[in-house]
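Report on the structure given below.
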Amino acid sequence: MRLSQFFLPTLKENPSEAQIVSHRLMLRAGMIRQQAAGIYSWLPLGFRVLKKIEQVVREEQDRFGCQEILMPTIQPADLWRESGRYDDYGKEMLRIRDRSDRDMLYGPTNEEMVTDIFRSSVKSYKQLPQLLYHIQWKFRDEVRPRFGVMRGREFLMKDAYSFDIDYESARRSYNKFFVCYLSTFARLGLKAVPVKADTGPIGGDLSHEFQILAETGESQVYVDPRLLDLDTEARQLGPDDDLAAFVDRVTGLYAAADEMHDPAKCPVPEGELQTRRGIEVGHIFYFGTKYSTPMNATVAGPDGTPRPVEMGSYGIGVSRLAGAIIEASHDEAGIIWPDAVAPFDVGLINLKPGDAACDAAAQDLYQRFHNAGLDPLYDDRDERAGAKFAEMDLIGLPWQVVIGPRGAANGVAEIKRRATGEKIELPLDAVVARIKG
Ligand code: ATP
Ligand code: MG
């Protein structure tokens with residue numbers, strides 16, 4: 001993509017409505033545009049990031065044997081009357097009436113609908129377990145939408161649901177998602193800590209939140225430092241490994257949110273305990289038969305008698321993650337995208353467009369990037385060098401490659417790693433290899 005043609009409405013000034021750094025940077029980098037409180041359009045740069053995050057989430061769900069479906073955003077109220085949540089959910093639910101006066105709603109979550117899909121077609125324990133997920137927009141009429149996409153009203157969520165014949169099997173499903181989540185967040189370049197949680201309006205018996213650590217997090221968390229080192233191990237585990245052993249060990253380590261923290265009961269010595277701010281990016285629940293009993297979702301067991309299916313649900317805030325990643329990875333100059341979610345792999349800066357040697361060298365590199373399967377953003381605009389550097393730093397691509405008249409004459413380019421600021425000069429034909437690592 002050429003920057004001269006790219007729709008990138010960046011802002012020079014800090015937008016006054018943005019209270020936290022990720023919201024500021026997303027507006028300044030032209031990623032999103034607010035349409036109403038807590039409701040955003042995603043512009044090309046932001047949308048690329050959102051799609052990348054979604055794809056990592058999807059690949060990890062698939063890796064653990066979860067199957068993708070797509071349920072609608074609009075749901076009939078009757079399903080929610082069956083579970084009793086139509087009245088319980090309160091003002092956060094956006095209620096709609098269609099032209100025939102039927103009560104509808106914009107889904108804040110999908111337990112009822114997926115239970116309905118399940119009960120209409122699965123009748124025997126032999127068809128279990130089933131793990132289903134979708135990635136779909138949700139609406140919750142939050143009292144205080146704020147912090148940009150971090151607490152929106154309309155937001156993109158990955159929500160998965162598990163169906164099992166008994167508690168032991170349901171725990172195996174829960175463990176899969178537990179490990180899958182750690183692996184997903186590690187791939188996204190984040191440190192995520194599982195914290196035992198209240199089950200809230202979803203209800204149930206067992207629940208963990210996944211908090212990524214960043215100074216601006218909404219909640220205070222107290223964690224055993226060993227929880228900060230699980231990335232590699234989680235990424236190496238798959239659905240057929242002994243996940244229970246891993247999950248038991250990890251959940252045995254101390255981690256508590258503010259309201260649950262009890263210094264008297266904390267086994268980690270004060271000097272080692274990490275007191276950090278966290279952003280909730282995922283939440284998993286085991287809730288047994290909370291929905292299957294009232295909604296009559298039963299399966300026949302080995303003895304032929306029908307029993308309510310055991311369920312769990314598992315959410316990841318896909319759009320929240322775009323903001324959360326920036327909270328965890330930025331500096332004064334702008335965003336620093338982890339490689340896995342960067343909107344482009346490399347920014348190519350031509351310092352003197354119109355100069356034959358610069359144009360030729362930049363064009364040559366642009367082509368080499370494409371040939372190597374890299375996605376470049378080529379700044380071919382006739383602007384001041386300083387402005388170009390500042391904009392490239394702001395949008396945070398992992399690599400910058402600079403071509404100027406001196407370099408073009410000598411057949412070299414300057415490469416900068418955005419995360420470290422480290423710069424080196426390389427011959428033009430060595431640039432791709434360096435970036436591909
Ligand atoms: P929170 O405690 O932050 O309000 P929640 O516990 O109500 O979230 P869940 O029902 O657990 O949210 O939803 C699953 C995930 O969806 C959350 O972990 C979070 O990442 C994301 N999410 C929830 N509410 C919002 C929102 N208003 N805007 C953006 N993402 C959200
Ligand atoms: Mg939650």
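As the structure is a prediction and not an experimental result, all values here were calculated from the model. We use all heavy atoms of the structure for the numbers below, so side chains are in, but hydrogens, waters and symmetry mates are not. In this chain, numbering begins with 1 at the start of the sequence shown.
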**OP:** Check the surroundings of atom CZ in Arg307: do more than 12 heavy atoms from other residues, nucleotides or ligands lie under 6.0 Å from it?
**Re:** yes
Subject >> Met26 side, atom CE; Ile20 side, atom CD1 - distance, nearest 0.5 Å >> reply: 10.0 Å
**OP:** For Ser162 and Leu131, work out which heavy atoms get closest and say how close.
**Re:** CB-CD2, 3.5 Å
**OP:** Compute the centroid of each ring, for Tyr89 and then for Trp80, and state whether the two points are separated by less than 6.0 Å.
**Re:** yes
**OP:** In sequence, state the C-alpha distance, the side-chain angles, and the governing distance for Ser219 and Gln211, and then conclude on side-chain hydrogen bond (donor to acceptor under 3.5 Å, both in side chains).
**Re:** CA-CA 9 Å; Ser219 41; Gln211 302 267 355; 3.3 Å; yes
**OP:** Show your reasoning for whether salt bridge (Lys or Arg N to Asp or Glu O under 4.0 Å) applies to Asp241 and Arg63.
**Re:** CA-CA 13 Å; Asp241 290 314; Arg63 188 165 83 80; over 6 Å; no
Subject >> Aromatic plane relationship, Tyr222 with His261 - under 30° parallel, 30 to 60° tilted, over 60° perpendicular >> reply: parallel
Original post:
Does the separation of the ring centres of Tyr286 and Tyr167 fall below 6.0 angstrom?
Top reply: yes
Original post:
Between Gly278 and Val221, which heavy-atom pair has the shortest distance, and what is it?
Top reply: N-CG2, 4.3 Å
**OP:** Verify side-chain hydrogen bond (donor to acceptor under 3.5 Å, both in side chains) between Tyr106 and Glu154, making sure each step is shown before the conclusion.
**Re:** CA-CA 10 Å; Tyr106 195 122; Glu154 191 181 38; 3.1 Å; yes
**OP:** Run through Arg153, Arg320, Arg151, Lys91 and flag the one making a salt bridge (Lys or Arg N to Asp or Glu O under 4.0 Å) with Glu142.
**Re:** Arg151
**OP:** Can you spot which of Tyr161, Phe177, Phe285 makes a ring pair (Phe, Tyr, Trp, His ring centres under 6.0 Å) with Tyr314?
**Re:** Phe177
Subject >> Pair Arg249 + Asp224, salt bridge at N-O below 4.0 Å >> reply: no
Original post:
Any salt bridge between Glu391 and Arg381, counting N to O under 4.0 Å?
Top reply: yes
Subject >> Point-to-point distance, once rounded to the nearest 0.5 Å, from SG of Cys180 to CG of Leu237 >> reply: 11.5 Å
Original post:
Can a donor-acceptor pair be found between the side chains of His208 and Thr251 at a distance below 3.5 Å?
Top reply: no
**OP:** Please determine, by modelled atom types, if Gln61 and Tyr133 share a side-chain donor-acceptor pair under 3.5 angstrom.
**Re:** no
**OP:** For Ser207 and His283, work out which heavy atoms get closest and say how close.
**Re:** OG-NE2, 2.8 Å
**OP:** For residues Val193 and Phe210, determine if any side-chain heavy atom of one lies less than 4.5 Å from a side-chain heavy atom of the other.
**Re:** no
**OP:** Work out which heavy atom in Val56 is nearest to a heavy atom in Ala340; give both atom names and the distance.
**Re:** CG2-O, 4.4 Å
Original post:
Do Glu13 and Arg28 pass the salt bridge (Lys or Arg N to Asp or Glu O under 4.0 Å) test, and can you show the C-alpha distance, the side-chain angles, and the key distance before you say yes or no?
Top reply: CA-CA 7 Å; Glu13 305 298 321; Arg28 281 194 50 210; over 6 Å; no
Subject >> Flag for Glu310-Thr289: side-chain donor and acceptor within less than 3.5 Å >> reply: no
Original post:
Do you know the tightest heavy-atom contact between Leu182 and Ala192?
Top reply: CD2-O, 3.7 Å
Original post:
Looking just at side-chain N and O atoms, do Tyr291 and Arg85 make a donor-acceptor pair shorter than 3.5 Å?
Top reply: yes
Original post:
Side chains of Gln5 and Arg2: is there a donor and an acceptor less than 3.5 Å apart?
Top reply: no
Subject >> For Asp166, salt bridge (charged side-chain N to carboxylate O under 4.0 Å, His left out) partners two or more places apart >> reply: none
Subject >> Sequence-distant partners of Glu92, salt bridge (charged side-chain N to carboxylate O under 4.0 Å, His left out), two or more places apart >> reply: none
**OP:** Drop me the distance from Gln236's CD to Asp231's CG, to the nearest 0.5 angstrom.
**Re:** 11.0 Å
Original post:
Taking the six-membered ring of Trp399, is the NZ or CZ of Arg418 close enough (under 6.0 Å from the centre) and on axis enough (within 45°)?
Top reply: no
Subject >> Leu128 to Phe163 - nearest heavy-atom pair and separation >> reply: CD2-O, 3.8 Å
**OP:** Decide salt bridge (Lys or Arg N to Asp or Glu O under 4.0 Å) for Arg58 and Glu54; before the verdict, give the C-alpha distance in whole Å, the side-chain angles of both, and the deciding distance to 0.1 Å.
**Re:** CA-CA 6 Å; Arg58 173 178 290 118; Glu54 184 183 317; 2.9 Å; yes
**OP:** Return yes when atom CD of Glu259 has more than 12 non-hydrogen atoms of other residues, nucleotides or ligands closer than 6.0 Å, and no otherwise.
**Re:** yes
Original post:
How long is the span from the CG atom in Leu27 to the OG atom in Ser22, to the nearest 0.5 Å?
Top reply: 9.5 Å
Original post:
With distance as the sole criterion, is a donor-acceptor pair present between the side chains of Glu111 and Thr109 under 3.5 Å?
Top reply: yes
**OP:** May I have the step-by-step check of side-chain hydrogen bond (donor to acceptor under 3.5 Å, both in side chains) for Gln19 and Arg146, ending in yes or no?
**Re:** CA-CA 8 Å; Gln19 301 166 31; Arg146 60 196 169 134; 5.6 Å; no
Original post:
What do you reckon, is CD of Gln35 surrounded by more than 12 foreign heavy atoms closer than 6.0 Å?
Top reply: yes
**OP:** Sequence neighbours left out, what passes side chain to side chain donor-acceptor pair (under 3.5 Å) with Asp393? Give chain and number order.
**Re:** Gln400, Lys416
**OP:** Kindly confirm or rule out a cation-pi arrangement of Arg95 over Tyr86, judged by NZ or CZ under 6.0 Å from the six-membered ring centre and within 45° of its axis?
**Re:** yes
Original post:
Heavy-atom distance under 4.5 Å between the side chains of Leu70 and Ile135, does that happen here?
Top reply: no
Subject >> His134 side chain to Met71 backbone, donor-acceptor under 3.5 Å >> reply: yes
